[in-house]
Number of protein chains: 2
Amino acid sequence: MLTERQLFILQLLINDYIQTAEPVGSRTISKREDVTFSSATIRNELADLEEMGYIEKTHSSSGRVPSEKGYRFYVDHLLSPPVLSKKDVNNIHSLFAERMVEVEKVIQQSAGILSELTQYTSIILGPEVFETKLRQIQIIPLSKDTAVVILVADSGHVENRTMKIPPSVSMSDIEKVVNIMNERLKDVPLISLKSTMMKEMATVLKKHIENYNQVNTMLESLFLYTNAEKVYYGGKTNILTQPEFKDIDKVRLLLNTFEQDDVMYNILRPEKNGIEVKIGQENDLEAMQHCSIVTADYFIEGKRMGSIALLGPTRMEYQRSMSILGFLANDLTKTLTDRYQSFKHW
Amino acid sequence: MLTERQLFILQLLINDYIQTAEPVGSRTISKREDVTFSSATIRNELADLEEMGYIEKTHSSSGRVPSEKGYRFYVDHLLSPPVLSKKDVNNIHSLFAERMVEVEKVIQQSAGILSELTQYTSIILGPEVFETKLRQIQIIPLSKDTAVVILVADSGHVENRTMKIPPSVSMSDIEKVVNIMNERLKDVPLISLKSTMMKEMATVLKKHIENYNQVNTMLESLFLYTNAEKVYYGGKTNILTQPEFKDIDKVRLLLNTFEQDDVMYNILRPEKNGIEVKIGQENDLEAMQHCSIVTADYFIEGKRMGSIALLGPTRMEYQRSMSILGFLANDLTKTLTDRYQSFKHW
DNA sequence: TGTTAGCACTCTAAGGTACTGAGTGCTAAA
DNA sequence: TTTAGCACTCAGTACCTTAGAGTGCTAACA
């Protein structure tokens, strides 16, 4: 168990290290105004803290650096009360003041402002298709064997795919199918579109359509890819300004990971509600060894829709990041819920 | 004017430097089998070449390195005949063997294969809207004051925008407008959609619609952004493996530029037809100081549609890059033209 | 007159040594 | 329990030396 003084020293040390990125020595700590005890005392305490695994030395006569365990403890128990400057708050609010129509834009802008305010890289998981429902489906022929299928969701999201039409399927067949789909599939959540279609529509389609099998395989291919949530970024290269990323190999590893949407998706997918912090190895991904990720969720009508996140070095400003993130998640939730309700109750 | 021998030596030097990234000395050159004269002779020639500005020293007793002028001359006059291995050719052909339906995918894949084959960063300017024509326009209401507008082009390209509907404009008005648009604007090139609409439709609309002014401003905002060509990338981080990009600041500058679509667009927009090489400063952009860009165009029915490009260090394999690029541009042209014709003549 | 061998010279890169300063751990006294 | 004091450690820097790759120049050669 840590004593009051040890807690205090650990906090001072981590705060200092977050600012300077330099190992912190006992003398540095003793010089602070609110420290009454001597550097020798601090040395003793530091030795204890090191023994318990909260801090480390970079070499035998260096100052101390927080360990991942130390950061974990700091985040869980030692964060000072959140302070957001009015400037920051205004900055965020002003973003939502101009009521943007397109969700994509709202999110892209949010990513931008996050990375600007923090100088870290911001990552946002776009709204899940999860709860959005089909409003309308349309098929527009392009040539004798291709057509564009357009799905419009009640969230305003539009999805389109080009597909091949088997020669045995006629245009009038397709028209019939579309009509039936619009009747039967309206207000079905996009996520269960495929299964609903297979279940509910099979019998109806069989009645009205000749080449049921061909049509069916065609439709199956259409809904093959449940469109994953899109990943948005802000300040992708901000991380390169951090001293811990002077090494080009680390950078390449990390930037490569950014390009893999599926990997990022898994990293951001939160395990629990609320603001979550993952420190270094906790991300179990080599590229993220020296990074921490702070995530928060946003909601529409209480349903979790996606996450917003900040990625920085393990030595990141957790308190500030969490505050900004929480704040923005809140605003995002409000905006999107408003928007959604205006659609739903129309 | 350069003598035969000087040409030969310059060529050997640049070839060597491209492979090794190390300054090339007279002895290195003299050791080559096909070199009959001594290193002393070569030293004399190198001194002349340096005086003429084709090569440089990194310090007073170092070997020589090509200058930008040297590269320029090399690219214009000294390239050895193109050699593409069968493997490369097959690689590219196989890409187009599976006839993909969506242009986006074709292009994304092309970018991928380009960067894989060369280990440089590939950049592709998506097909211009330029010649593609409107096939159909649709408006789907989302709420009492918002609707999604969907434009389908004959190329299969789908464009959608969410817009606000002024309260004074009724749904039936909108339906009327859409009908008129579909009548009048069909087969109008997307690029001139706005002007055609303003000219041709004004009179008709005035007749049928009450709130002409509101509708008009609404429509104007709709076509405000001529959608720029999309920029696709492959192997964004490949450039980081080049020894000239060990410096994190150079990297940041370059990667930041990648994020600015408009800047990249201007860089890629070719000035003349055919395969073009821009070396270092010729790109007049700080971030591109140490880079060269090779661009080629692709066409649909003889009309230039976009460009594909490779970005590497100035010390890049020009010959190979140009060959691969030319080859792929050709395949791309064929594929897209085929596709387009199957749409057009339907 | 063009080519080449030879040599003095230059500069980088790598390795070694010495010094400084920030930091530690331990001990003994307050 | 705290602290002053001291010996010790180690990274970083500066400085020097050496090795090696390369040049430019000169004088001799074909």
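Each chain gets a letter, A, B and so on, in the order its sequence line appears, and its residues count up from 1.
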message = Between the base of C:dT10 and the side chain of B:Ser61, is one N or O donor paired with an acceptor at under 3.5 angstrom?
response = yes
note = ring-ring contact (aromatic ring centres under 6.0 Å, His included) test vs B:Phe258 passes for just one of B:Tyr232, B:Tyr265, B:Tyr233, namely B:Tyr233
ask   = Is a side-chain N or O of A:Lys250 found less than 3.5 angstrom from the main chain of A:Glu244, in a donor-acceptor match?
value = yes
task = Given side chain to side chain contact (heavy atoms under 4.5 Å, CB included), test A:Asp34 with A:Phe8 step by step and report yes or no.
result = CA-CA 10 Å; A:Asp34 39 2; A:Phe8 182 48; 4.0 Å; yes
request  = Please confirm whether any donor atom in the side chain of A:Arg64 sits under 3.5 Å from an acceptor in the base of C:dG25, or the reverse.
outcome  = no
note = In whole angstroms, the gap separating P of C:dT12 from NE2 of B:His59 amounts to 5 Å
ask   = Which whole-number value in Å describes the distance from A:Glu22 CD to D:dC10 C1'?
value = 15 Å
inquiry  = Would the distance check show the side chain of A:Arg320 and the main-chain N or O of A:Leu117 forming a donor-acceptor pair, the cut-off being under 3.5 Å?
reply    = yes
request  = Using atom CD1 of B:Ile9 as one end and atom P of D:dT23 as the other, report the distance to the nearest whole Å.
outcome  = 12 Å
ask   = Closest to the A:Ala47 side chain: C:dG25, D:dT3, D:dT23?
value = C:dG25
ask   = Roughly how many Å is it from CG in B:Asn44 to C1' in C:dG2, rounded to a whole number?
value = 10 Å
inquiry  = Rounded to whole Å, please give me the gap between CD1 in B:Ile55 and P in D:dT23.
reply    = 9 Å
inquiry  = Output the rounded distance in Å from CD1 (A:Ile29) to C1' (C:dA22).
reply    = 14 Å
remark   = Judged by nearest nucleotide, the residue sitting upstream toward the 5' end of DNA chain C, A:Thr28 or B:Arg5, is B:Arg5
Can you give each donor-acceptor pair under 3.5 Å made by side-chain atoms of residues 17-28 of chain A, sequence neighbours left out, with the distance rounded to 0.1 Å?
| from | atom 1 | to | atom 2 | distance (Å) |
| --- | --- | --- | --- | --- |
| A:Thr20 | OG1 | A:Asp16 | O | 3.1 |
| A:Thr20 | OG1 | A:Glu22 | N | 3.1 |
| A:Ser26 | OG | A:Arg43 | NH1 | 3.2 |

request  = Report the end-to-end axis angle of the helix from C:dT1-D:dA30 to C:dA30-D:dT1; each axis comes from five terminal pairs, and the value is rounded to 10°.
outcome  = 20°
query = Got more than 12 heavy atoms from elsewhere within 6.0 Å of CD, B:Gln260?
reply = yes
key: Interatomic distance, A:Glu51 CD vs C:dG25 P [rounded to whole Å]   = 10 Å
query = Can you tell me if the side-chain N/O atoms of A:Ser60 get under 4.0 Å from OP1 or OP2 in D:dC10?
reply = yes
ask   = Taking the inter-plane angle between the rings of A:Phe245 and A:His290 on a 0 to 90° scale, is it parallel (under 30°), tilted (30 to 60°) or perpendicular (over 60°)?
value = perpendicular
remark   = Which of C:dC11, D:dA4, C:dT4 is nearest the side chain of B:Ala40? It is C:dT4
task = Would you mind telling me which of D:dC10, C:dT3, D:dT3 lies closest to the side-chain atoms of B:Thr41?
result = C:dT3
message = Quick check for you: among D:dT3, C:dC7, C:dG25, whose closest atom lies nearest to any side-chain atom of A:Arg43?
response = C:dG25
task = May I ask you to evaluate whether B:Lys57 reaches the phosphate of D:dG24, defined as a side-chain N or O under 4.0 Å from OP1 or OP2?
result = yes
query = Quick one: A:Glu45 CD to D:dT3 C1', roughly how many Å, whole number?
reply = 13 Å
